[in-house]
Protein chains: 2
Amino acid sequence: MDLRHLKYFIAVAEELNIGRAALRLHISQPPLTRQIQQLEEELDVQLLIRTPRGVELTQAGEMFLEEARNIRSLVEQAIERTKRAGQGKLGRLDIGIFGTGILNTIPKLLQLFRDDHPDVRVVLHTMTKNEQIEALRQKRITVGFNRIMSPLPDITCELIMREPLFLAVHNSHPLSKNVSVSVKELSKHPLVLFPTGPRPNFVDRVLEICGHMGFIPEISQIVGDAVTGVALVAGGFGISVVPESVITFKPPGIVYLPFDDWLTGKVDLSCIYRKDDESPILKAFLIAVNKFREQHKG
Amino acid sequence: MDLRHLKYFIAVAEELNIGRAALRLHISQPPLTRQIQQLEEELDVQLLIRTPRGVELTQAGEMFLEEARNIRSLVEQAIERTKRAGQGKLGRLDIGIFGTGILNTIPKLLQLFRDDHPDVRVVLHTMTKNEQIEALRQKRITVGFNRIMSPLPDITCELIMREPLFLAVHNSHPLSKNVSVSVKELSKHPLVLFPTGPRPNFVDRVLEICGHMGFIPEISQIVGDAVTGVALVAGGFGISVVPESVITFKPPGIVYLPFDDWLTGKVDLSCIYRKDDESPILKAFLIAVNKFREQHKG
DNA sequence: ACCAATCAATACCTTTAAAGTATGAAAAAG
DNA sequence: CTTTTTCATACTTTAAAGGTATTGATTGGT
């Protein structure tokens, strides 16, 4: 049996006249007659009662008509859904995320993607950089977000934005009266840094920049994530350096200050994905990334 | 698109290897390759990723596989159901019934039919003889039950059984002491008969038999149905004549007596159906009728 | 580094089956 | 009683699915 048989039978059942159905199907009458006979023979069931004025359906015919319509609509739906999946409009996107990215940038970016692709289920997985790389290789995620990436042969790393850094101080701290600060201030106060976890990471980036300026800062604490770090600053454990994303998180007593002399003091946010991944959902996501960059290039 | 495409795609998706799938489908590899290409072209979607070790599914391919399996099982189910409908094993049977038939014979007969055809929905409609004929002509029912039928050109009438008649009397009545009675007794007591409604009917059958015996009975009441008639006998309104079916209905005080001299005093129960009806459900029902007659011919 | 093995893709031919044309048979309508 | 309508059959054409042989690409084992 063929989908053609179903189409033909539906036409005949709706017209109750083989000739008219043939007209509607843009074929001639004899092949239609034969296809229906074939169908009846294959099912070993009489579907039509031939009368001199046309045809009428048997009970089995009525039943088959109903089933045929079901099948037809399921087929149409299957085609539609598959096409949409092929355009990256339907399906699932697994994303690996990390600490500070989730505060500001990633939600904005995902919003942008979901506006265009409402039927793609986005599933977020919190994982470290190394876990992300492992998960990408096992195809457990399609995209990962990270800050500091060393190049890898099988993974593409694409810069999303370069964020300036800010100083986080408590408002009881003498620096909090300034509108901006110099990098050198970092050498004079104990620093709270983050995250823990595999190096190199944001801690190393900060140390690297301090090195460029010719000093090694005093590290008071290294904590798991930015939120904890800022909380410690609010508790008087020292000062901290954070990417711009974090300043939307502002607990009472915390002041964020830009650096005035630290023009190159920035940190990257990148997304990573398999070099060999050609899936339309990833393509669609990268289009959203580009759109995001356009909006934030100023 | 064709069901063949679905079958082929499922095979490929399950084997993840076009050559092996071709083997399983008992065709050679090149046509299978082409059919899959055709499918992808038609859907305008990449379903497979070709690797040197076989193929793997894209997300769209996964989606299409799921849909294809759904369609396949729906098709199988459609074929199955249609075949069963064609054998009269599935569908709906509308039956017209009348008063006394429902007390005994019809339930037994329907039981027999439903044992063999559990998935046929039997719908009963209480209607008079003329309503049954009208309903048959309009195909609102497939079978009717009746007692007295005049022959009709478009309707077949098939005898199911010939029931003996019984006398219904109250146990305070002098006749109730007998083990059997003579027909002539009917001339000596007021008769409760039934049903009302279009003639000729059971009333006329009783009068006809009395006529053969040379008398016209005194009719006390004609009531709508046998149950009412027997209830009136229980209330002392006279005696009544009922088909054997009715004697299963035995309210307190009622005694049923056979007639000893009335060997030909019987009444028919027949089923009627369209002469031009060739539906398998009717065929199946008539087989059940035959089985019933076999069981009750003694 | 090369050779054999594996697998999908392509080219070309054969076979199957669906569509078209012409016509027939049966029954209803005028 | 003829004309029309409608489905069925016989025969031909055409389209498409299947088969055979071969190529190209990649991997894995000497």
Side-chain angles (χ1 to χ4, degrees), chain A residues 1-58 60-61 64-65 68 137 153-154 274-276 278, chain B residues 1-58 60-61 64-65 68 137 153-154 274-276 278:
Chain A
M1 195 172 62
D2 244 331
L3 290 184
R4 182 185 43 258
H5 289 113
L6 300 185
K7 192 171 96 185
Y8 287 4
F9 179 74
I10 291 171
V12 171
E14 281 173 359
E15 298 289 343
L16 293 175
N17 177 314
I18 296 185
R20 227 170 24 240
L23 219 64
R24 185 171 116 182
L25 293 166
H26 307 296
I27 60 171
S28 59
Q29 170 260 317
L32 182 54
T33 292
R34 258 177 294 124
Q35 291 291 317
I36 298 291
Q37 287 173 336
Q38 210 173 79
L39 181 64
E40 287 183 319
E41 200 172 325
E42 187 179 339
L43 296 175
D44 197 25
V45 163
Q46 189 181 349
L47 298 172
L48 301 178
I49 298 164
R50 278 76 170 172
T51 72
R53 313 184 39 77
V55 296
E56 49 191 76
L57 297 178
T58 62
F64 190 70
L65 175 60
R137 291 200 169 122
D154 55 341
R274 292 172 67 99
K275 270 210 169 69
D276 65 356
E278 307 222 311
Chain B
M1 194 171 62
D2 246 329
L3 290 183
R4 182 185 44 257
H5 289 114
L6 300 185
K7 190 171 97 185
Y8 287 6
F9 179 74
I10 291 171
V12 171
E14 280 172 1
E15 299 289 343
L16 293 175
N17 178 316
I18 296 185
R20 225 168 29 239
L23 219 65
R24 185 171 117 184
L25 293 166
H26 307 296
I27 61 173
S28 59
Q29 171 259 316
L32 182 53
T33 293
R34 261 179 291 126
Q35 292 289 317
I36 298 292
Q37 287 173 337
Q38 209 173 81
L39 181 62
E40 287 183 319
E41 201 173 325
E42 188 178 339
L43 295 175
D44 197 24
V45 163
Q46 190 182 349
L47 298 172
L48 301 178
I49 297 165
R50 278 76 169 173
T51 72
R53 311 182 45 75
V55 295
E56 48 190 75
L57 296 179
T58 62
F64 190 69
L65 174 60
R137 292 199 169 124
D154 55 341
R274 293 172 67 98
K275 270 209 170 71
D276 65 356
E278 308 223 309

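Residue numbers start from 1 in every chain, and the chains themselves are labelled A, B, ... in the order their sequence lines are given, proteins ahead of strands. The structure displayed is predicted, hence computed values, not measured ones.
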Whole-Å distance separating the CD atom of B:Glu40 from the C1' atom of C:dA8 | 12 Å
Can you check the B:Ile49 CD1 to D:dA25 C1' distance for me, whole Å?
-> 17 Å
If you take atom types as modelled and just measure distance, does the side chain of B:Arg53 reach the base of D:dG28 with a donor-acceptor pair under 3.5 Å?
-> no
Distance in angstrom units between B:His5 NE2 and D:dA17 C1', rounded = 9 Å
Under 3.5 Å: donor-acceptor pair, side chain of B:Gln46, backbone of B:Leu48 | yes
Across the strands shown, which category fits A:Gln38 at heavy-atom distances under 4.0 angstrom: base, sugar-phosphate, nothing?
-> sugar-phosphate
Backbone N/O of B:Arg137 and side chain of B:Arg274: donor-acceptor pair under 3.5 Å | yes
For B:Gln37 and C:dA11, what is the distance between atoms CD and P respectively, to the nearest whole Å?
-> 11 Å
Mind checking what makes salt bridge (Lys or Arg N to Asp or Glu O under 4.0 Å) contact with B:Arg4, not counting sequence neighbours?
-> B:Asp2
Length of the CD1-C1' vector between A:Ile18 and D:dA8, whole Å = 9 Å
D:dA17 base to B:Gln35 side chain: any donor-acceptor pair below 3.5 Å?
-> no
Whole-Å gap separating P (C:dA18) and CG (A:Leu3) | 13 Å
Starting at CZ of A:Arg4 and ending at P of D:dA16, how long is that distance when rounded to a whole Å?
-> 11 Å
With respect to the phosphate group of C:dC7, does any side-chain polar atom (N or O) of B:Arg50 fall under 4.0 Å of OP1 or OP2?
-> no
Is there a donor-acceptor contact under 3.5 Å from the side chain of B:Gln29 to the main chain of B:Ala22?
-> no
Could you check how far CD of A:Gln29 sits from P of C:dG20, rounded to whole Å?
-> 11 Å
Does CD in A:Glu278 sit with more than 12 non-hydrogen atoms of other residues, nucleotides or ligands closer than 6.0 Å?
-> no
If each of A:Pro30 and A:Arg20 is mapped to the nucleotide of DNA chain D with the nearest heavy atom, which maps nearer the 5' terminus, i.e. the 5' end?
-> A:Arg20
Within the structure shown, what part of the strands sits under 4.0 Å from A:Arg34 by heavy-atom distance: base, sugar-phosphate, or nothing?
-> base
Ranking A:Ser28 and A:Pro52 by the position along DNA chain C of their nearest nucleotide, the one closer to 5' is A:Ser28
